[in-house]
Amino acid sequence: MTTSTDQPPAPPLEADDPVQLGLRPDSAITAPRVFWPAAGILLVFVALAVALPKRLGDTLDSLNGTIIGDLGWFYVLLVSACIGFSLWIAFSPMGNVVLGKDDEDADFGLKTWFSMLFAAGMGIGLVFWGVAEPLNHYASPPPGTADGDAAAARAAMDTTFLHWGLHAWGIYVVVGLAVAYAVHRKGRPVSIRWALEPIFGDRVRGRLGDVIDVIAVVGTLFGVATSLGFGVSQIGAGLAYLGVVDEASTTLKVALIIGITAIAIVSVVSGIDKGIKWLSNINMGMAAVFLLVVAVVGPTVFILGDFVQQLGSYLRNFFDLSFRTMTFQGDEGSTWLAGWTTFYWGWWMSWAPFVGVFIARISRGRTVREFVTGVLLVPTLVTFLWFSVMGGSAIYREMFGSGGLVGEDGAVSTDAALFQLIDGLPASGLLSVVAMLLVVIFFVTSSDSGSFVVDMLASGGDPEPPVWSRVFWGVLEGVIAATLLVAGAVSGGDALGALQTMAILLALPFSLVMIGMMVATAKALMHENWLNQRAERRLLAAEVAGEIARVSGTVPEPIRDDRRRKRPSSGT
């Protein structure tokens, strides 16, 4: 293990860095070269969405088709490389390095740490897609799937596990580990740019670093705002399905965004150790109870058997799924891949700055091995269990039960699929209310943690950014989602689709940053491991030389202090 004396010193104080000098006023913008360009890009995009929704949508569709359609192979290869990189780092001697001082304890216990990273990383997506994605793949299997319901069901679960399993969390490991090493081991500010210092040196302090952080801020805002749109769409669909409202109108969705964003702002203002931490723990508890109830009142034996079998199927087909580009399925395969797998890889990359920085922020004191295995394996297993219960119950109903979740035309109501499943279970009314609460709280935890991370990036890595700027970014997330929902309703287009496309487009430049992160992290850890090995060789050589000298008689025996060996008086 690396000794604390081997750690490089913290970066020197700079005369123009008020954060490092401790002179920053509480309300000052500490990184204007990141803050204002990022805010300007986001506001300009919102203005264009309102003024020219049709033209903007056509432009984004064209760019989206080029990137996702033509560069799908690149995304597939990169994400698979993230898995290999993560496992190599974890199981090498470099896994012993502590993300902090060598004798430092972890800031958060395992339960709290896991709850926070999981809720921020995938929570709202699991609720939204838990039933809908397996059903979509079952109704319209990936090209090349064998005929028959059983083959379609297996392909549906394999594909869902691929999209939400190790690959997604491998992306987060790459970003989170690079940032955590720079922040906790090297003492750098909480910022994406410092993760690339091992390969770019002091250039990360200048314009290059500014560009990297701006990309991260903009991509994160679009990613979180799109998830807010998905969340309110599901809540609105649930309210309409339960008869609370006649339809999930745009006005209702905007009102939901305003209300939930307000709750998220209260949470983010309270800080990471209070609101975000408490909400994450509450949310994970509710999600666990909800999952258990659905598993018990649903087809329990089928769910358990499918979960075990599906783990084997995922492991058996892991490499085939990881490198599947559907080259021999022609246009049909390319279209399917662009709409699902490549879309997901770009989607996770657009979330990676947010989730990576957030889990780095809460991971001080853990070893590299603990970080990788905790982030990579534990959430993946819980995610698999979630999809086995929710998606497995839905597929069971279609194959062996009353059906009704897939329309006669093969269509699946993605927004309402969860509530349609719940409607066929005992205590469906109560479960529907719990499901909506889960969406709301996952919504809040994604928004508040996203706002916190964005503010850290836009504030030059300040771990405790000003309250007003936390509020600014939280409000901007809600404004982006609400504005594009309204613009889409007015133009008749798909505003959330345009927002989603923008997030995927921004994933392309960030994918290059991720490659740099893998190179930089490997370089830094390999150098630290080399220092350790050299120190161990020197220590061993010194011990051998001392022993040889003692045996040969060139060095006198150590003087024995008989007083230390005397027994204490018995008092008799």
Side-chain angles (χ1 to χ4, degrees), residues 76 79-80 82-88 90-91 110 114-115 117-118 121-123 125-138 141-142 144-146 148-173 284 287-288 290-324 340-341 344-345 348 369-370 372-400 421:
V76 167
V79 175
S80 297
C82 290
I83 299 293
F85 171 81
S86 301
L87 296 176
W88 169 62
F91 294 104
L110 280 175
F114 170 66
S115 297
L117 71 90
F118 188 77
M122 287 195 176
L126 288 180
V127 179
F128 187 84
W129 289 108
V131 175
E133 180 164 350
L135 271 181
N136 272 284
H137 295 318
Y138 174 74
T145 302
D149 288 346
R154 179 59 52 225
M157 297 304 293
D158 277 345
T159 301
T160 302
F161 275 30
L162 168 69
H163 293 159
W164 292 83
L166 293 173
H167 294 76
W169 289 98
I171 293 172
Y172 295 159
V173 165
M284 289 305 296
F290 179 76
L291 189 69
L292 180 63
V293 171
V294 173
V296 170
V297 302
T300 308
V301 175
F302 176 86
I303 290 171
L304 294 175
D306 182 57
F307 176 65
V308 173
Q309 180 171 299
Q310 186 55 43
L311 286 177
S313 180
Y314 175 73
L315 293 174
R316 183 177 65 253
N317 299 311
F318 179 79
F319 288 102
D320 286 342
L321 292 169
S322 297
F323 295 96
R324 183 173 63 180
W340 286 104
T341 303
Y344 266 117
W345 296 166
W348 299 137
R369 185 170 295 113
E370 287 175 335
V372 173
T373 55
V375 175
L376 191 64
L377 300 180
V378 178
T380 294
L381 288 175
V382 176
T383 299
F384 287 175
L385 181 61
W386 181 276
F387 277 105
S388 294
V389 173
M390 307 305 296
S393 297
I395 290 177
Y396 177 87
R397 183 180 300 181
E398 284 297 311
M399 293 181 66
F400 308 110
L421 173 68

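For the atom pair Arg324 CZ and Thr341 OG1, the distance stands at 5.5 Å (nearest 0.5 Å). Note: Tyr314 OH to Thr160 OG1 = 11.5 Å, rounded to the nearest 0.5 Å. Here the CE-CG distance, from Met390 to Leu291, works out to 7.0 Å after rounding to the nearest 0.5 Å. Atom CZ of Phe85 and atom CD1 of Ile171 lie 13.5 Å apart (nearest 0.5 Å). With values rounded to the nearest 0.5 angstrom, Thr380 atom OG1 is found 12.5 Å from Leu385 atom CG. Atom CH2 of Trp169 is separated from atom CG of Leu376 by 9.5 Å, given to the nearest 0.5 angstrom.
Within the 4.5 Å cutoff, no side-chain heavy atoms of Leu321 are placed close to those of Phe161. At a threshold of 4.5 Å between non-hydrogen side-chain atoms, the residues Gln310 and Phe387 do not count as touching. The shortest distance between side-chain heavy atoms of Thr159 and Trp340 does not fall below 4.5 Å. With a 4.5 Å cut-off on side-chain heavy atoms, Ser322 and His167 count as touching.
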message = I'd like to know whether Gln309 forms a side-chain contact (heavy atoms from CB on, under 4.5 Å) with Met157, so could you lay out the CA-CA distance, the side-chain angles of the two residues, the decisive distance to 0.1 Å, and finally the verdict.
response = CA-CA 11 Å; Gln309 180 171 299; Met157 297 304 293; over 6 Å; no

request  = Please test Phe290 against Trp386 for side-chain contact (heavy atoms from CB on, under 4.5 Å), starting from the C-alpha separation and ending with a verdict.
outcome  = CA-CA 10 Å; Phe290 179 76; Trp386 181 276; 4.0 Å; yes

task = Check step by step if side-chain contact (heavy atoms from CB on, under 4.5 Å) holds for Val389 and Leu292.
result = CA-CA 9 Å; Val389 173; Leu292 180 63; over 6 Å; no

ask   = Should Asp158 and Leu162 be marked as a side-chain contact (heavy atoms from CB on, under 4.5 Å) after you check the CA-CA gap, both sets of side-chain angles, and the distance that decides it?
value = CA-CA 6 Å; Asp158 277 345; Leu162 168 69; over 6 Å; no

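Arg397 contributes a side-chain N or O that, together with a main-chain N or O of Leu421, makes up a donor-acceptor pair within less than 3.5 Å.
Scanning both residues, Ser388 and Ile303, for their nearest heavy atoms gives O-CG2, 3.9 Å. Taking every heavy atom of both residues into account, Ile83 and Leu166 meet most closely at CD1-O, 2.9 Å. Heavy-atom minimum distance, Ala156 versus Tyr138: CB-N, 3.6 Å. Heavy-atom minimum distance, Ala394 versus Val131: CB-CG1, 3.8 Å. Between Ser86 and Gly170, the shortest heavy-atom distance links the atoms OG-O, 3.9 Å. In plain terms, the two heavy atoms of Pro299 and Ser393 that are nearest each other are CD-OG, 3.8 Å.
Taking the six-membered ring where tryptophan is involved, the planes of Phe400 and Tyr396 are tilted, since the angle between them lies from 30° to 60°.
The pair Arg154-Asp306 meets the salt-bridge criterion, since a charged nitrogen lies less than 4.0 angstrom from a carboxylate oxygen.
Side chains of Trp164 and Glu133: a donor-acceptor N/O pair is present below 3.5 angstrom, by distance only.
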